Amino acid sequence: MNAMFATKISMLQHVCVVPLARATRHRSFTVSASASTTVTPSRNLTVSSPTSTARAPHVDPRVLLGMSEHDLQQLAVEFGQQSYRGKQLHHLIYKRKAKEIQDFSHSGWKIGRSPIYHTVTAADGTVKLLLKLEDNRLIETVGIPVEDEKGSMRLTACVSSQVGCPLRCSFCATGKGGYSRNLQRHEIIEQVLAIEDIFKHRVTNVVFMGMGEPMLNLKSVLDAHQCLNKDVQIGQRMITISTVGVPNTIKKLASHKLQSTLAVSLHAPNQKLREMIVPSAKSYPLDAIMKDCRDYFAETSRRVSFEYALLAGVNDSVEQARELAELLHEWGRGYHVNLIPFNPIEGSEYRRPNKKTVSAFAGALESRKITVSILQTRGLDASAACGQLRNNFQKSPLIIESDREESQSDVAVAY
């Protein structure tokens, strides 16, 4: 950071935050952890808190990240300040990407940014980060840079929506690492800001394809989506929400009429094989999920994309490609299939198909008028498959120094 930039930050912090922070020392308030995060005057400071680690609240009531400009202006007014102070605070959080404001922190508020615990950079430029959350859980986020012929870069952030995943798809490393809890709104948003910090470049695309099942944390995902669109200013059409399928949630998502892409992880052309690959498919039959996808298109006019992980000798034959094409034609037109050659993970019985097999599968779909793309594998040398890097470091919360000291004390007493 150069001297001039540091001076601007310091001045903005003083102008915007110090009056707010002083106000918090003289005026109590109640924070409601609702979807809109409202702030109302009160005689006593009342802050709702999580009842358990496994069921974290949707919104931490004293975190600024995720608040809209309107929310922050309202917060400033409730602190007895002019509303424009909230606008300045919004600029500091989303444009300057401040990670901590000392005077504000003294009042019990925080930006909501987590430290980077570990970073791995692949030869192709893909970067995977582990962020250490407040409860010492680790989550993954991946930055994928792609430069076009004109030299401009598209930077995609692949973000997590849960700590681990409860669905345990048989080929996925995340499921093997267990499940802890849903991510809060700010814990999703901060992943995008962390990628921007690392690359010193704006994120242009966001895909909810990291750890976890977004539809099992839909409220936080939708709120994070709104913030990424309105405050971080990433276009809705540049955002993709992926799901392996959770009953009734595609209908809920359709009601919001987003312009973002819905990507459904199909992975099989029939129910029997899908149940073998995706255990949760037993509670959400293939016909039901295809009907919901058809209804989603009817309500939103947005084409559904189908993700299909190619597993050697399991679901990658030309016959299975033909069966998949028949399934898609049965339920509508205009579907797109994104083929994903399996990214090898340690301890998995699955293998990656060769290029000839992948090409033959894609050709069989294209010959039946199905639009196909083949995902270019990125970050193989950075454990970029979802969940891989996190599993290398954590399957339970990290031990912090105070825990270690307490543990040592217990041992001393025992002896």
Side-chain angles (χ1 to χ4, degrees), residues 33 35 50-60 63 65-66 112 114 117 128-142 157-195 206-228 239-250 252-253 260 262-265 278-281 283-284 307 309 345 383-398:
T51 56
S52 72
T53 301
R55 298 181 64 184
H58 166 59
V59 175
D60 188 321
V63 168
L65 185 60
S114 301
Y117 180 77
K128 171 166 277 194
L129 307 178
L130 290 179
L131 298 181
K132 187 174 80 167
L133 306 180
E134 200 167 44
D135 61 357
N136 288 318
R137 299 284 179 182
L138 298 179
I139 56 168
E140 293 179 354
T141 185
V142 181
C158 180
V159 300
S160 298
S161 56
Q162 295 179 306
V163 184
C165 183
L167 296 187
R168 298 181 180 275
C169 295
S170 61
F171 60 87
C172 180
T174 297
K176 295 179 183 298
Y179 168 74
S180 300
R181 64 173 175 86
N182 284 336
L183 292 182
Q184 297 180 65
R185 173 181 68 183
H186 72 278
E187 293 171 328
I188 297 173
I189 299 163
E190 70 166 325
Q191 296 174 60
V192 175
L193 301 186
I195 293 296
V206 175
V207 293
F208 284 83
M209 295 183 180
M211 295 167 54
E213 166 53 60
M215 294 298 195
L216 289 176
N217 190 18
L218 189 55
K219 185 60 179 169
S220 289
V221 166
L222 287 173
D223 268 15
H225 178 285
Q226 180 175 326
C227 178
L228 292 172
I239 301 175
T240 297
I241 298 175
S242 176
T243 179
V244 76
V246 177
N248 302 316
T249 55
I250 292 178
K252 289 180 182 178
L253 184 63
S260 297
L262 171 64
V264 175
S265 297
V278 182
S280 62
S283 63
Y284 198 6
E307 307 292 311
I345 60 176
S383 297
C386 183
Q388 275 186 277
L389 186 61
R390 178 226 183 199
N391 289 355
N392 292 341
F393 284 86
Q394 179 189 69
K395 289 190 179 180
S396 58
L398 297 169

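Just so it is clear, the model here is predicted, and its values are computed rather than measured.
- Ile241 CD1 to Ile250 CD1: the interatomic distance, rounded to the nearest 0.5 Å, is 11.5 Å.
- Side chain of Ser160 to backbone of Gln162: no donor-acceptor contact under 3.5 angstrom is found.
- Between the side chain of Ser260 and the backbone N or O of Thr240 there is no donor-acceptor pair closer than 3.5 Å.
- Shown here for Pro214 and Val221, the closest heavy-atom pair between the two residues is O-CG2, 3.7 Å.
- Side chain to side chain, Glu213 and Thr243 meet the donor-acceptor criterion of an N or O pair below 3.5 Å.
- Each of Ile195, Ile239, Ile189, Ile188 was compared with Val206 under the side-chain contact (heavy atoms from CB on, under 4.5 Å) criterion, and only Ile239 meets it.
- At a threshold of 4.5 Å between non-hydrogen side-chain atoms, the residues Leu193 and Leu65 count as touching.
- No donor-acceptor pair under 3.5 Å is formed between the side chain of Asn182 and the backbone N or O of Asn217.
- Here the closest non-hydrogen pair linking Leu129 and Ala194 is CD1-CB, 3.9 Å.
- Classification of Arg137 and Glu187 as a salt-bridged pair fails, no side-chain N sitting under 4.0 Å from a carboxylate O.
- With rounding to the nearest 0.5 Å, the separation of SG in Cys172 from CG in Leu167 is 9.5 Å.
- Residues Met211 and Glu140 approach most closely at SD-N, 3.4 Å, considering heavy atoms.
- We find the CG-OH distance between Asn136 and Tyr117 to be 9.5 Å, quoted to the nearest 0.5 Å.
- To the nearest 0.5 Å, atoms NE2 (His186) and CG (Asp223) are separated by 13.0 Å.
- The distance from the CG atom of Leu131 to the CG atom of Leu138 is 9.0 Å, given to the nearest 0.5 Å.
- Judged as a side-chain hydrogen bond (donor to acceptor under 3.5 Å, both in side chains), and not counting sequence neighbours, the contacts of Ser114 are Glu190.
- Under the 4.5 Å side-chain criterion, counting only non-hydrogen atoms from C-beta, Val63 is not in contact with Gln184.
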Working note: Leu222 + Leu253, criterion side chain to side chain contact (heavy atoms under 4.5 Å, CB included); need CA distance, chi angles, decisive distance, verdict. CA-CA 9 Å; Leu222 287 173; Leu253 184 63; 3.8 Å; yes
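- The heavy-atom pair separating Met209 from Ser242 by the smallest distance is CG-CB, 3.6 Å.
- The distance from atom OG1 of Thr141 to atom NZ of Lys128, rounded to the nearest 0.5 Å, is 9.0 Å.
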Please lay out, stage by stage, how Cys169 and Val244 fare under the test side chain to side chain contact (heavy atoms under 4.5 Å, CB included). CA-CA 9 Å; Cys169 295; Val244 76; 4.0 Å; yes
